[in-house]
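Some notes on the structure that comes next.
Source: prediction; values computed, not measured.
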Amino acid sequence: MSDNLPPCPKCSSEYTYEMDALMVCPECGHEWAPAEGDAEGAAGAGERVIKDAVGNVLQDGDTVTVIKALKVKGSVSGIKAGTKVRNIRLVDGVDGHDIDCRIEGFGAMQLKSSVVKKA
């Protein structure tokens, strides 16, 4: 396996491998042509694209739905699956937390785009 293979554009896995003319991710099963990934990277160099768990592009002000139950530090209950979050703001967060929002009953917090779905 070569050390200079690009990570998977879908799940960012570093365990990609070449199969004929395609690159393959063993973790999520995504297949792509290497030139295709380079074109996306060049086009998005100036603007970062954040996608939800199912691949929809998110923008500031969107309404999203939490798709899995989340534990919250300092709270007995967590955020339940199906909770709607309105008026999100996309940020460069820490540890993949790229959505800044206010959740009713919890207050301001950051979420990962991988746990939400565009409503």
Side-chain angles (χ1 to χ4, degrees):
M1 188 183 284
S2 177
D3 288 335
N4 45 352
L5 292 176
C8 176
K10 271 205 164 171
C11 70
S12 301
S13 171
E14 58 189 42
Y15 302 111
T16 58
Y17 61 90
E18 292 177 310
M19 183 172 64
D20 298 326
L22 295 176
M23 299 296 297
V24 180
C25 175
E27 292 186 9
C28 70
H30 180 62
E31 296 179 354
W32 73 99
E36 180 182 297
D38 294 340
E40 287 176 7
E47 186 177 325
R48 198 174 74 145
V49 176
I50 297 177
K51 296 183 178 183
D52 66 1
V54 293
N56 298 321
V57 177
L58 296 174
Q59 296 177 347
D60 286 344
D62 281 346
T63 298
V64 296
T65 304
V66 177
I67 60 170
K68 69 180 223 177
L70 303 172
K71 293 181 182 177
V72 178
K73 273 188 183 178
S75 173
V76 177
S77 65
I79 299 172
K80 294 180 181 179
T83 302
K84 285 204 180 220
V85 181
R86 293 180 177 85
N87 199 18
I88 64 169
R89 192 176 72 200
L90 303 177
V91 295
D92 291 327
V94 180
D95 293 332
H97 293 83
D98 45 14
I99 297 175
D100 196 19
C101 62
R102 179 173 304 276
I103 298 178
E104 212 170 294
F106 288 96
M109 65 178 49
Q110 290 188 339
L111 297 173
K112 292 184 178 183
S113 58
S114 61
V115 298
V116 298
K117 179 177 77 171
K118 192 171 184 175

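Residues that satisfy the salt bridge (Lys or Arg N to Asp or Glu O under 4.0 Å) test with D95, not counting sequence neighbours, are absent from this structure. For D62, the salt bridge (Lys or Arg N to Asp or Glu O under 4.0 Å) partners at least two apart in sequence or on another chain are K118. Under the side-chain contact (heavy atoms from CB on, under 4.5 Å) criterion, A119 pairs with T63, T65, K84, sequence neighbours left out. Partners of E27 according to the side chain to side chain donor-acceptor pair (under 3.5 Å) rule, which considers only residues two or more places apart in sequence or in another chain, are S13. Partners of R89 under the salt bridge (Lys or Arg N to Asp or Glu O under 4.0 Å) rule, at least two apart in sequence or in another chain, are D100. A search for side chain to side chain donor-acceptor pair (under 3.5 Å) contacts involving N56 returns D52, not counting sequence neighbours. Listed by chain and number, the residues in a side-chain contact (heavy atoms from CB on, under 4.5 Å) with V57 are V49, K51 (sequence neighbours excluded). Checked against side-chain contact (heavy atoms from CB on, under 4.5 Å), P26 has the following partners two or more places apart in sequence or in another chain: Y15, Y17. Among residues two or more places apart in sequence or in another chain, the side chain to side chain donor-acceptor pair (under 3.5 Å) test is passed with T83 by none.
Taking SG from C8 and CD from E14, the interatomic distance works out to 12.0 Å, rounded to the nearest 0.5 Å.
Using a 4.5 Å heavy-atom cutoff, the side chains of P9 and H30 are in contact.
Nearest approach of A53 to S114, heavy atoms of both residues: CB-O, 3.4 Å. Taking every heavy atom of both residues into account, Q110 and V91 meet most closely at NE2-CG2, 3.8 Å.
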Would E18 and M23 satisfy side chain to side chain contact (heavy atoms under 4.5 Å, CB included), going step by step from the backbone distance to the final call? CA-CA 5 Å; E18 292 177 310; M23 299 296 297; 3.4 Å; yes

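Sorted by first and then second residue, the side chain to side chain donor-acceptor pair (under 3.5 Å) pairs with a member in residues 67-80 form an empty list; sequence neighbours excluded. Within the structure, the salt bridge (charged side-chain N to carboxylate O under 4.0 Å, His left out) test picks out no pair touching residues 103-112 (sequence neighbours left out).
A continuous path of Ile, Leu, Val, Met, Phe, Trp and Tyr side chains, each step under 4.5 Å between heavy atoms, connects W32 with L5, placing both in one hydrophobic cluster.
Hydrophobic cluster of L90: the remaining members, joined at side-chain heavy-atom separations below 4.5 Å, are I50, L58, V64, V66, L70, V72, I79, V85, I88, I99, I103, F106, M109, L111, V115, V116, listed by chain and number.
Of the possible polar contacts, one joining the T16 side chain to the P6 backbone as a donor-acceptor pair under 3.5 Å is found.
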